[in-house]
Each structure stands twice: as structure tokens, then as C-alpha cells.
Protein chains: 2
Amino acid sequence: MASAAEIDAMRRALLLARRGPRGLNPQVGAVILSPAGDVLAEGFHRGAGTPHAEVDALSKLAPGEARGTTAVVTLEPCNHTGRTGPCAVALIEAGVARVVYALDDPTDAAAGGAERLRAAGVDVEAGLAASEAAALVHDWAALQRTGRPHVTVKWAQSLDGRAAADDGTSQWITGPAARRDVHARRAEADAIIAGTGTVRSDDPALTARAADGSLLEAQPVPVVIGESDTAPDAAVRRHPREPLFYATHDLHAVLTDLAARGLQRVFVEGGPTLASAFLREGLADELLVYVAPVLLGGSRLALGDIGVASIADARRLTVASIQQLGDDTLFVARPAAAPGAPTPRVADPGEPTPRAAAPGAPTPRAAARPAAQPAATEPAATEPATAEPAFTAPAPASDNRGDA
Amino acid sequence: MASAAEIDAMRRALLLARRGPRGLNPQVGAVILSPAGDVLAEGFHRGAGTPHAEVDALSKLAPGEARGTTAVVTLEPCNHTGRTGPCAVALIEAGVARVVYALDDPTDAAAGGAERLRAAGVDVEAGLAASEAAALVHDWAALQRTGRPHVTVKWAQSLDGRAAADDGTSQWITGPAARRDVHARRAEADAIIAGTGTVRSDDPALTARAADGSLLEAQPVPVVIGESDTAPDAAVRRHPREPLFYATHDLHAVLTDLAARGLQRVFVEGGPTLASAFLREGLADELLVYVAPVLLGGSRLALGDIGVASIADARRLTVASIQQLGDDTLFVARPAAAPGAPTPRVADPGEPTPRAAAPGAPTPRAAARPAAQPAATEPAATEPATAEPAFTAPAPASDNRGDA
């Protein structure tokens with residue numbers, strides 16, 4: 001059983017983990033305790049290519065100081081060699097006597113650390129604060145399973161399913177409470193996706209903003225998909241994060257590339273063509289449908305062709321919640337599992353190198369380039385936590401825990 | 001203040017009122033009490049052309065027996081002469097000493113009875129159980145104000161506003177709880193309206209049925225609007241109430257005619273063309289939108305053109321309730337008052353003869369006739385409470401309280 005000092009240390013490790021970036025690797029924190037339960041060192045993982053949390057903490061101790069200590073870690077110490085060696089081995093070699101960790105490593109490649117530690121005589125306890133740790137790495141773990149980011153498709157509509165009136169006007173179909181909710185959810189996403197048609201017609205900023213219009217602290221990377229060009233003075237080009245442009249309709253390839261950039265959670269904002277495409281391809285994990293108490297009729301539909309020909313193919317939803325936001329109603333739903341539905345997987349979980357874009361994946365153009373200029377042919381992986389993604393930088397190596 | 005005996009008598013009068021038919025005249029009940037508070041006689045109104053409730057009750061007393069009694073009535077005794085003389089005069093002439101009534105007469109033509117009674121020295125008390133009495137005659141009173149029945153427009157749709165999949169299949173978009181709710185609400189309506197297109201394509205029975213498929217006791221009159229013919233073997237022709245066919249697109253005229261038949265509350269069931277037309281004309285008082293947790297996409301919209309060109313014209317709704325019915329969500333709403341919205345009135349409240357169809361109103365064809373045969377040119381008003389409306393019978397005179 002974990003001691004009071006270990007429980008405190010785990011709480012601390014979970015806080016430390018959050019200091020690391022969301023990205024290719026999971027957020028992990030570690031605390032080293034003396035046999036008496038005093039904190040000797042702390043560490044966390046700063047992203048792909050940097051030391052894991054346990055090694056970061058151990059590095060702060062004098063040689064030999066770790067002997068007989070207890071390591072408290074939010075994730076099972078890894079058992080694989082990437083840029084760094086297996087953490088299990090580092091802990092064994094340092095002489096750590098006991099390891100308390102929260103969550104079993106969910107990846108096939110990196111798991112087995114606990115077993116290796118036990119085989120070396122280390123006392124191992126698993127499962128302390130497992131649910132908190134699981135929530136912390138939820139999106140990262142899902143990406144390891146599916147090979148693509150979690151996809152939320154959001155739209156606002158009239159009760160009769162229109163996104164705009166017949167003449168295209170659509171301002172404020174939904175009210176302020178719904179818009180506030182959208183911005184809060186944008187801020188929780190790693191990327192926000194719009195189609196070139198919407199960017200051209202609505203010129204959205206694709207930022208997450210407070211009610212007063214000011215930018216929220218967290219900003220998703222703006223992603224524009226489609227074959228039309230985006231105007232040089234488009235609002236999206238003034239986004240605090242550099243936009244990614246994908247001149248393609250291959251959504252699977254785009255998602256694979258976004259995953260390779262460590263973008264774990266994306267928010268598809270529109271318009272109707274793009275939302276319909278994500279649904280048609282079976283690539284929506286979550287739907288947010290903001291329904292305004294208004295009827296519009298006419299031809300401007302919030303969804304177009306989603307690949308349903310007959311009622312037997314209807315895309316059934318599992319509704320997680322229906323909530324009132326001012327006068328509007330938000331349906332939060334996910335597609336119900338249906339036989340014959342396209343699989344959302346775009347990469348094999350056992351695939352050794354999920355960090356790089358799959359062959360054939362589109363290469364985004366950096367925003368600063370002229371729209372017509374060919375993009376770099378090498379896929380570039382960047383850490384999205386950096387304020388200015390360097391899209392032209394050489395791809396940094398990743399020690400993603402899913403690496404073989 | 002009303003005595004305990006008078007309160008009991010009013011409760012009884014409200015029950016008696018319900019024995020009368022919904023129709024051109026309001027449902028009214030009356031009880032005559034002796035000075036000691038004993039029930040001497042009861043009465044209720046049996047419909048247009050028959051004695052009013054007070055007169056019905058008085059008729060059961062021996063000559064002179066009413067002298068010094070108290071009349072307890074659910075509606076203010078009328079003050080106008082139709083087929084029968086004013087009830088106020090009948091009460092005065094019978095020597096009734098006190099009148100307790102629930103609801104002031106809401107029509108201009110018939111009001112003033114209380115004043116007349118008081119002027120004759122009768123003790124008058126108003127307002128006992130007024131809200132119950134108001135609920136009882138609510139639809140009738142609304143019809144007096146608007147000149148047309150209360151209109152509920154109902155449709156079922158996918159969350160994205162489709163009534164069917166692209167190939168036209170639509171069976172069971174919504175689940176059993178929603179369907180049960182629809183049938184219960186149909187049973188509360190006086191008429192159920194469908195378009196000829198829907199009748200041809202779906203062959204609906206337009207009956208109100210229990211979950212086991214058996215007919216509910218109350219059945220709305222089926223009404224079919226549109227210029228296409230209805231097949232001789234259409235299910236609607238086997239409805240327990242004889243269907244009305246209106247070969248027109250003039251919804252105002254249809255409603256005026258339905259009002260003249262004493263149909264106070266109609267339920268518009270489909271399809272999309274007809275629902276859209278009612279909305280476009282501003283003729284929907286209440287909307288029932290059953291939303292299934294399913295996406296369909298495609299071209300089969302639950303609403304088409306409702307006359308909104310720009311977002312400024314959007315038909316805002318006031319949502320009365322949002323409730324779960326199994327997996328489905330029912331929005332109960334009414335159009336929010338909007339400047340420039342078409343007025344729902346089709347007749348003037350002071351108009352002396354709302355009982356007869358307005359000039360130019362379409363004349364329905366009786367179901368038994370061949371569809372192509374010209375209809376009778378005289379508008380026929382019937383009492384919908386009779387099991388078999390006699391559409392070819394001469395129009396019975398009405399002593400509608402709105403008569404001058």
C-alpha cells in the first residue's frame with residue numbers, strides 16, 4: 001500500500017506532468033522520495049527528444065543518492081529504447097528500491113517496465129491515482145490506438161438543420177452562451193480545422209476567444225483543408241499559431257500528418273462540406289451540434305451528403321448530453337457503432353514509426369509561403385507546444401513511447 | 001363569496017359541460033340550487049341549435065320552481081339572441097335570485113349577461129373556478145378571436161433536419177415513445193391534416209392509435225389538402241371519421257371552413273410541403289418537432305421553403321419545452337412574435353356569422369364521391385361530435401355565441 005508521503009508525491013507528480021507539452025509523447029511527472037519519505041528530486045517530460053520524467057528526476061541526484069529511494073511516477077516506466085534508454089533500466093541501475101506508478105503504459109512497445117523492475121528485485125506498486133493519470137494522457141493514448149487525433153465535428157444550425165439563410169447570411173444563429181461554449185472548447189483542442197470554402201466566405205479567425213473578444217491563453221493550431229487558395233490577407237494568417245494548409249481532400253492523410261505533429265485533439269469547425277466529409281469518412285469521434293430555436297428553410301444545409309442512401313444506413317448517434325446554452329440547445333453525441341461503418345483507424349498501433357507522416361500524406365504549406373509555391377517534400381514534425389512551430393525545420397527525432 | 005354548496009355545484013357543472021360536444025359553441029354546464037343549497041336541476045349544452053346549459057337546467061323545473069334559486073354556470077349567461085333568447089333574460093324571467101358563474105363570456109356579441117342580470121336585481125358572483133372553465137373553452141375562445149382553428153404543425157426529423165433518407169425511406173426515424181406521444185396528441189385534436197403528396201406516397205391512416213395499433217376512443221377528422229387525387233383504396237378513406245378533401249392550396253380558406261365546422265384544433269402531420277406552407281403563411285400556432293438522434297444528410301428535408309430569404313427574416317421560436325421520449329427529443333415551440341410576420345387572423349372577431357364558410361372558401365368533397373366529381377357549392381357546416389358527419393346535409397343553423 002502506498003504511504004501518505006507517496007500519495008502526496010503522486011499528487012505532485014501529476015502537477016509536474018502538466019508542465020510538459022501535449023504532443024508526440026505523453027505528459028509524465030516523477031518524484032524521488034528518500035526512504036524516510038522526503039522529496040529528493042522532481043522531474044517531468046518536456047517532449048519528444050528530451051529525457052523521460054524518471055530520468056529527469058534522477059539526473060538531479062548526486063551519484064549514488066538514488067540508492068534505496070522510491071520513485072513515484074504517473075506512468076509505468078517504459079521498457080523500450082528510443083532516443084533514451086528504457087527508464088526501467090535507468091531506475092534499476094540507479095538502485096531505486098521501490099516504484100509507485102499510476103497508469104500502466106497503454107502502448108505495446110513501451111509496456112513491460114513493471115515486469116522488468118520486479119524481475120530486478122524492485123518493489124513495484126501500480127494503480128495509485130490511475131484515473132487522474134489516465135485522464136491526463138487520454139488523448140495521447142487514444143492517438144496511439146487509432147493512429148490519428150481525436151476528432152470533434154462542430155456545427156451550429158437552425159432547428160431545421162440549416163447553417164444559414166438562403167442568401168448566405170448566418171451571423172448569430174446561435175446566442176452568446178453557445179458561442180462562449182464553442183470558444184472554451186476550441187481552447188481545449190490542439191488544432192482547429194476549416195475548409196477553404198469557409199475560410200474564403202466567412203474569413204474566420206479560428207482563434208479561441210473570451211467573451212470580450214480577447215484571445216484565450218491556449219490557442220489551437222489553425223488548419224485549412226481544401227484546394228482553393230486562401231487570400232494573403234485572410235484573418236487566419238494573423239492567428240497566433242502558424243496555420244497549416246493542406247491542399248487535398250484526403251482527410252485520412254491530413255489526420256495522419258496532424259498525428260505525426262503531436263496534435264492529439266482536433267476541432268472541425270466548418271463549413272458544411274468539410275463536416276459532411278468527416279462524417280462520410282467515419283472520422284468523427286464526437287459531434288457538437290448547437291441548435292438555435294429558429295427555422296430557416298431553404299438550401300443552406302448544415303450537412304450535405306454524408307453517404308446515407310437509405311434509412312438502413314442512417315448514422316445513428318449516441319447522445320451523451322443535451323444541454324441548454326441560453327436559448328440554444330447543445331447536443332453532444334458520438335456516432336453509434338454500426339456494422340459496415342468505415343473504421344476510424346488510419347494507422348496500425350503496432351506500426352513502429354507513427355511520428356512521421358505516412359507515405360502519400362499531404363505536406364502542408366507553411367503560411368508564410370505564397371499559396372501557389374510547392375511545399376517542402378519532407379514531412380516536418382514539430383512540437384506544437386512551442387509558440388512558433390518551425391515548419392521548415394528538419395524533423396526532430398521522437399522517442400515516442402510507441403516507437404519500437 | 002360562494003358557499004360550499006355553490007363550490008360543489010360548480011365542480012359538478014364543469015363535469016356536465018364536458019358531456020357536450022366540442023364544436024361551434026362552447027361546452028357549458030349549469031346546476032340550479034335551492035335556497036338551502038340542494039341540487040334542483042342540472043343542464044349542459046349539447047351543441048349548436050340546442051338550448052344553452054342554463055335553459056336546459058331550468059327546463060327541468062316545474063313552473064315557478066326556479067323562483068329564489070341560485071344558478072351555478074361555467075360561463076357567463078349570454079346576452080344575445082340567436083336560435084334561443086338571451087340566457088340572462090331566461091334566468092330573470094324564471095325568478096332566479098343569484099347567479100354564480102366561472103368565466104366572463106369572451107365574445108363581444110354575447111357578453112353583457114352579468115350586467116343585465118345585475119340590472120334586474122339578480123345577485124351575481126363571477127370568477128369561481130374561472131381557470132378550469134377557461135381551460136375547458138380555451139380552443140373555442142381562441143377560435144372566436146382568430147376566426148380559425150388552433151394549428152399544431154408536427155414533424156419528425158433527423159438531427160440534421162431530414163424527414164427521410166435520399167431514397168425516400170423514412171420508416172421509424174423516431175422511436176416508439178415518440179410515436180406514442182404523437183398518437184396521444186392526435187387524439188386531442190379535432191382534425192388531422194395531410195397533403196395529397198403524403199397521402200399518395202405514405203398512405204397514412206391518419207388515425208389516433210394505441211401502442212397495440214388499436215384505435216383510441218377520440219379520433220380527429222382526417223383532412224386532405226392538395227390538388228392531386230387520392231386513390232379510391234387509400235387508407236384515409238377507411239378512417240372512422242369521414243375525410244374532408246380540399247382541392248386547393250389556399251390554407252386560410254381551408255382553416256376558415258374547418259372553423260365553420262366547429263373544428264377548433266387541428267394537427268398538421270405532413271409532409272414537408274404542407275408543413276412549410278403553414279409556416280410560410282404564418283398559420284402555425286404550435287410546433288412539435290420530434291428529433292431523432294440520427295444523421296441522414298441528403299435531399300429529403302423536413303422543411304423546404306418557409307419564406308425566409310435572409311437571416312433577419314429567420315423564424316424565431318419560443319421553446320416551451322424540450323423533453324426526451326426514449327432516444328428522441330421533442331421540441332414544443334411556438335413562433336415568437338416578429339414584426340412583419342403574417343397575421344394569423346383570417347376572420348374578424350366582430351364578424352356576425354363565423355359559422356358559415358367565408359365567401360370564396362373551398363368546399364370539401366365528401367369522401368364517398370368520385371374524386372373528380374364537382375363538390376356541392378353550398379358550404380356545409382356540421383357538428384364534428386356526431387360519429388358520421390353528414391356532409392351533404394343542409395347547413396344546420398347555429399346559435400354560436402358570436403352571432404350578432
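Scope of the values below: all heavy atoms of this structure, side chains included, with no hydrogens, waters or symmetry mates. Just so it is clear: chains get the letters A, B, ... in the order the sequence lines come, proteins before strands, and each one is counted from 1.
Of the atoms belonging to B/Ala309, it is backbone heavy atoms, and not side-chain ones, that fall under 4.5 Å from chain A. When heavy atoms are compared at a cutoff of 4.5 Å, B/Thr318 does not approach chain A at all. B/Leu159 touches chain A through backbone and side chain together, each having a heavy atom under 4.5 Å away. Looking at A/Thr329, the atoms closer than 4.5 Å to chain B (heavy atoms on both sides) all sit in the side chain, from C-beta outward. Proximity to chain B (any heavy atom under 4.5 Å) is shown, for A/Ser310, by both the backbone and the side chain. Proximity to chain A is limited to the side chain of B/Arg162, based on heavy atoms less than 4.5 angstrom apart.
Residue A/Ile193 is tested with A/Leu251, A/Val151, A/Val223, A/Val221 for a side chain to side chain contact (heavy atoms under 4.5 Å, CB included); the sole match is A/Val223.
For the options B/Arg300, B/Gln157, B/Arg316, heavy-atom pairs under 4.5 Å to chain A are most numerous at B/Arg316. Comparing B/Leu317, B/Thr169, B/Leu295 by heavy-atom pairs within less than 4.5 Å of chain A, the highest count is held by B/Leu295. The residue among B/Ala292, B/Ser170, B/Gly168, B/Ala302 with the most heavy atom pairs within less than 4.5 Å of chain A is B/Ser170. Chosen from A/Asp327, A/Val319, A/Ile173, the residue pairing most often with chain B at heavy-atom distances under 4.5 Å is A/Ile173. Between chain B and the residues A/Asp313, A/Leu301, A/Asp305, the most heavy-atom pairs under 4.5 angstrom are made by A/Leu301. When each of A/Asp166, A/Ile306, A/Asp167 is checked for heavy-atom pairs under 4.5 Å with chain B, A/Asp167 comes out on top. Between chain B and the options A/Ile322, A/Val289, A/Val308, the largest number of non-hydrogen pairs under 4.5 Å is found for A/Val308. Interface summary for chain B: among A/Gly161, A/Ala165, A/Pro335, A/Gly307, the most heavy-atom pairs under 4.5 angstrom belong to A/Ala165.
No hydrogens or angles considered: a donor-acceptor pair under 3.5 Å links the side chains of B/Ser228 and B/Arg200. Between B/His150 and B/Glu286, the side chains place no donor N or O within less than 3.5 Å of an acceptor N or O (distance only, hydrogens not considered). Residues A/Thr248 and A/Asp250 bring no donor and acceptor atom of their side chains to less than 3.5 Å of each other.
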Verify side chain to side chain contact (heavy atoms under 4.5 Å, CB included) between A/Glu269 and A/Val182, making sure each step is shown before the conclusion.
CA-CA 10 Å; A/Glu269 273 266 1; A/Val182 168; 3.4 Å; yes

